[in-house]
Amino acid sequence: MEYLAKRSFLVIFIITFILIFFLDIVVGIENGMLRAAIAAAIAVFLSPRKKRIQTQTGEKTQITWIFLKNPIFLEV
């Protein structure tokens, strides 16, 4: 999970394509633009959030994700 949280572009890419195929095959939405818009909105909602915070030891990047209980801290 930490690998995916650090690489948010992969999460957005994977979730978007899975949701596009799901909306096409299971739900049956034929409009491609509508499928892409719905999938992109859900992918952005589920993707990890990055925030820069200032600590006593210096500036760090905090990554929070809906699927992780504790945040991940990265050195800048």
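Residue indices begin at 1 and follow the sequence shown.
- Shown here are the side-chain hydrogen bond (donor to acceptor under 3.5 Å, both in side chains) partners of Thr16, two or more places apart in sequence or in another chain: there are none.
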For residues 18-34, please give each side-chain donor-acceptor pair under 3.5 Å, one per line with the distance, not counting sequence neighbours.
{"unit_1": "Asp24", "atom_1": "OD1", "unit_2": "Arg35", "atom_2": "NH1", "d": "3.4"}
{"unit_1": "Asn31", "atom_1": "OD1", "unit_2": "Met33", "atom_2": "N", "d": "3.2"}

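- Taking CD1 of Ile72 as the start and CD of Gln62 as the end, the distance is 10.0 Å to the nearest 0.5 Å.
- Looking at heavy atoms from C-beta onward, Arg52 lies out of side-chain contact with Lys60 at the 4.5 angstrom threshold.
- Using a 4.5 Å cut-off between side-chain heavy atoms of Ile, Leu, Val, Met, Phe, Trp and Tyr, with links allowed through other members, Ile15 and Ile63 fall into the same hydrophobic cluster.
- Residue pairs satisfying the salt bridge (Lys or Arg N to Asp or Glu O under 4.0 Å) criterion with at least one member in residues 11-20, sequence neighbours excluded, are absent.
- A distance-only check finds a donor-acceptor pair linking the side chain of Trp65 to the backbone of Leu46 [under 3.5 Å].
- Within the structure, the salt bridge (Lys or Arg N to Asp or Glu O under 4.0 Å) test picks out no pair touching residues 63-72 (sequence neighbours left out).
- Separating the CZ atom in Arg49 from the CD1 atom in Ile66 is a distance of 8.5 Å, to the nearest 0.5 Å.
- Aromatic ring centroids of Phe9 and Phe13 lie 6.0 Å or more apart.
- Residues Ile53 make up the rest of the hydrophobic cluster containing Phe73, defined by ILVMFWY side-chain heavy atoms closer than 4.5 Å, directly or through other members.
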